[in-house]
There are 2 protein chains.
Amino acid sequence: MRLCSLRNIPTLKHVAEEAGVAVSTVARVINDKGYVAEKTRTKVMRAVETTGYRVNSLARSLKSNRSHVIGHLLRSTEPNPFFVKVARGVEEYARSRGYTTLTYNMHGASEAERMGIETFLNWRADALIFSTPVSQENVRHAVQAGVPIVQVERPRSELGHRITVKNYQGAESAVRHLLELGHSRIAYIGVKPGSQGNRFADYVEDERFGAFRDVMSGRAGFDENLVRFAKPRSPEHIPGTGHGYQAMKDLLACAHNVSAVLASSDMIAAGVLQAIREQGLSVPGDVSVIGFDDTLSEYLSPLLTTVRLPANELGLTAAKLLIDQLEGKTPSDGQLIELDAELIIRKSTSTR
Amino acid sequence: MRLCSLRNIPTLKHVAEEAGVAVSTVARVINDKGYVAEKTRTKVMRAVETTGYRVNSLARSLKSNRSHVIGHLLRSTEPNPFFVKVARGVEEYARSRGYTTLTYNMHGASEAERMGIETFLNWRADALIFSTPVSQENVRHAVQAGVPIVQVERPRSELGHRITVKNYQGAESAVRHLLELGHSRIAYIGVKPGSQGNRFADYVEDERFGAFRDVMSGRAGFDENLVRFAKPRSPEHIPGTGHGYQAMKDLLACAHNVSAVLASSDMIAAGVLQAIREQGLSVPGDVSVIGFDDTLSEYLSPLLTTVRLPANELGLTAAKLLIDQLEGKTPSDGQLIELDAELIIRKSTSTR
DNA sequence: TTGTAGGCGTTATCAA
DNA sequence: TTGATAACGCCTACAA
């Protein structure tokens with residue numbers, strides 16, 4: 001009985017007929033639970049082979065009320081591979097535990113947030129991961145539907161679990177590195193904390209800039225003329241290469257005698273490099289540059305010294321946290337996990 | 001009757017009770033088909049609101065035998081955002097037609113191919129998109145299961161639909177551009193055609209290099225000393241920045257008097273820029289460089305002249321082709337669609 | 001050790 | 001115009 005083609009997909013019933021047993025027996029074999037005589041098992045296995053049986057995850061999930069689906073809401077700001085790395089962490093870990101990841105990539109507009117969440121809920125996802133900032137209202141919507149959630153990297157509220165990065169320590173080690181190299185005229189190019197009008201949303205930029213200001217104040221002295229902020233043009237927009245370019249060009253024009261720059265992302269650093277080079281200056285000969293993220297760093301010249309964010313680990317940890325909870329291995333009260341950011345020294349920094 | 005929380009998700013039955021009508025009536029309202037009195041409709045709508053009803057896509061798909069899911073198999077070679085752009089094209093288009101995209105990102109190993117396909121088939125995806133090369137055997141597996149498929153960019157067989165890019169024209173226009181700028185000692189750095197041992201797999205590299213060789217032969221003269229190929233270390237490995245760097249360093253060391261380079265990807269071009277800069281030379285002053293893809297180009301300095309691949313359009317077209325077929329608007333016989341590649345002139349090329 | 005039967009939430013058919 | 005009911009494919013008591 002071959003009927004595997006053209007949407008005539010064999011079911012348990014077909015396998016049962018082929019093997020000459022009852023449907024429930026086949027089910028027991030396939031799910032490996034309950035008593036089955038060895039003889040029957042092999043008979044059934046063979047029938048599974050010949051019919052080309054394949055479980056119907058739809059039916060299984062419907063019946064069991066567990067889809068083994070993790071919904072992942074993200075906003076992949078190309079070319080920034082950061083979120084792709086997070087997504088891979090989620091996907092690979094989930095897969096290793098028998099879960100499928102349903103990814104919803106919203107581009108820009110945040111009215112898509114709600115649609116993404118609705119899609120997940122319609123598909124009865126067992127848990128949700130938000131690796132892009134999501135409004136408290138929308139997160140609550142998911143929580144109220146009874147689905148465990150985790151907010152990754154930029155939580156906007158205290159709902160559910162949260163996984164973040166120690167941005168302060170990361171930025172701190174970057175500035176210390178520059179100071180140790182003998183720099184004192186160090187500029188900061190980033191995004192303005194407070195521009196999102198939400199204390200959670202600003203968390204990341206706050207910490208990065210905060211560390212810069214604190215360390216500089218304590219050592220070389222903090223000069224706000226050496227700080228260049230971009231305001232995101234919209235809540236979804238993340239300032240990138242263009243901003244880094246403009247800001248650096250401006251800094252150089254002002255003759256502030258800058259000898260080093262800490263950029264709050266690799267994309268911004270890419271723009272910084274463009275501006276420096278355009279002036280006929282060299283890196284790190286004339287100016288040292290440090291980025292943040294470790295996304296573009298290996299592709300720029302010179303190889304960029306940067307603060308690495310554990311993107312993959314962020315995704316992996318999120319998936320693990322949720323699956324552990326789903327399987328009763330973890331309490332369900334919101335946890336806060338902080339991962340380390342590590343300074344990676346490459347070729348864009350040198351002594352003054 | 002509020003029971004929307006904690007996995008006590010309301011069903012049609014609950015809505016029906018709330019509205020005091022039959023389940024089938026609610027179904028008619030929700031799907032907007034069949035006769036429903038205006039009065040009943042509003043009554044039902046209100047019940048939908050108060051109960052917080054949400055369709056169960058699992059049940060719906062099971063019953064209707066149509067999941068409205070498109071499975072997308074890809075291999076996101078970070079940081080190359082190419083595949084992310086393809087994926088976004090797929091996802092956004094599918095969404096606009098009411099389909100959900102299930103993405104399976106295999107990393108490296110191609111034994112994952114089969115697993116990805118199995119996952120899609122288990123979830124009863126209505127159609128599949130392969131935007132990474134997939135073995136003929138595995139593609140056939142999907143086709144035999146009766147699912148429409150499309151192979152994007154690097155088809156490895158003639159199965160199903162295929163969407164490719166006019167790489168030959170793209171490379172041709174790049175070389176012509178360099179010739180017009182007065183260059184004659186033009187190097188080519190890419191991946192060795194034939195290294196995959198499959199005429200389909202080599203399609204892309206064949207065309208890019210073929211155009212280079214053809215145009216050069218006809219004009220400045222083809223010198224194979226100016227060609228540097230990398231062999232992929234494995235079928236999954238794509239030579240990148242490291243290869244570009246090594247190859248360019250080597251070319252410069254050989255004193256071949258190279259004044260321009262065509263790289264077969266932006267990642268390779270990034271390595272080329274690193275090598276050139278390391279020698280204290282400048283771009284485009286000493287050497288002009290052209291990349292391929294338009295992925296990293298805007299982030300390098302100088303802004304890279306490159307051959308843009310229509311990544312987003314590739315994904316969009318694939319999704320459209322399949323959905324049209326699913327909805328009977330397109331014949332199901334395998335179509336071959338070729339999209340244009342366009343030379344984007346930026347700052348890394350100038351007259352000799 | 002195996003089989004029977006009910007139900008998961010929908011949709012669709014057919015009566016009423 | 002509405003309602004009862006039978007699937008869809010799977011799982012799981014419970015009966016045999």
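Letters A, B, ... are given to chains in the order of the sequence lines, protein chains preceding strands, and every chain is numbered from 1. Treat the numbers as computed from the prediction; the structure is a model and nothing was measured.
Interface residues of residues 53-64 of chain B facing DNA chain C, ordered by number: B:Tyr53, B:Arg54, B:Val55, B:Asn56, B:Ala59, B:Arg60, B:Lys63; criterion, heavy-atom separation under 4.0 Å. In the region residues 27-43 of chain B, proximity to DNA chain D at under 4.0 angstrom, judged on heavy atoms, holds for B:Arg28, B:Tyr35, B:Val36, B:Ala37, B:Thr40.
Side-chain contact between B:Ser131 and B:Glu153 is absent, with no heavy-atom pair separated by less than 4.5 Å.
For A:Arg88, the salt bridge (Lys or Arg N to Asp or Glu O under 4.0 Å) partners two or more places apart in sequence, or in a different chain, are A:Glu92, B:Glu78. For the side-chain hydrogen bond (donor to acceptor under 3.5 Å, both in side chains) test, residues two or more places apart in sequence or in another chain that qualify with B:Asp324 are B:Arg97, B:Lys320. For the salt bridge (Lys or Arg N to Asp or Glu O under 4.0 Å) test, no residue two or more places apart in sequence or in another chain qualifies with B:Lys43. In this structure B:Lys63 satisfies the salt bridge (Lys or Arg N to Asp or Glu O under 4.0 Å) test with no other residue, sequence neighbours excluded. Evaluation of the salt bridge (Lys or Arg N to Asp or Glu O under 4.0 Å) rule for A:Arg114 yields A:Glu118, A:Glu137 as partners, not counting sequence neighbours.
Legend: ring pair (Phe, Tyr, Trp, His ring centres under 6.0 Å) pairs involving residues 115-151 of chain B, not counting sequence neighbours: none detected. Counting only residues at least two apart or on different chains, the salt bridge (charged side-chain N to carboxylate O under 4.0 Å, His left out) pairs with a member in residues 21-33 of chain B are B:Asp32-B:Arg41. Listed by first and then second residue, the ring pair (Phe, Tyr, Trp, His ring centres under 6.0 Å) pairs that reach into residues 85-105 of chain A are A:His68-A:Tyr99, sequence neighbours excluded.
Distance check, rounded to the nearest 0.5 Å: CD1 of A:Ile149 to CD1 of A:Ile129 gives 10.0 Å.
On the nucleic acid side, DNA chain C has its first and last nucleotide under 4.0 Å of a heavy atom of chain A at C:dT1 to C:dG9, going 5' to 3'.
In this structure, the helix from C:dT1-D:dA16 to C:dA16-D:dT1 shows an angle of 50° between the axis at its start and the axis at its end, each fitted on 5 base pairs and rounded to 10°.
B:Asn122 has its CG atom 17 Å from the C1' atom of D:dC8, to the nearest Å.
At least one donor-acceptor pair closer than 3.5 Å links the side chain of B:Ser67 to the backbone N or O of B:Arg124.
A close approach under 4.0 Å does occur between a side-chain nitrogen or oxygen of B:Thr25 and OP1 or OP2 of D:dG3.
Residue contacts for A:Val23: at a heavy-atom cut-off of 4.0 Å it reaches no nucleic acid atom on any strand shown.
There is no side-chain donor-acceptor pair under 3.5 Å between B:Glu91 and A:Asn105. Side-chain polar atoms of A:Ser135 and A:Asn138 form a donor-acceptor pair below 3.5 angstrom.
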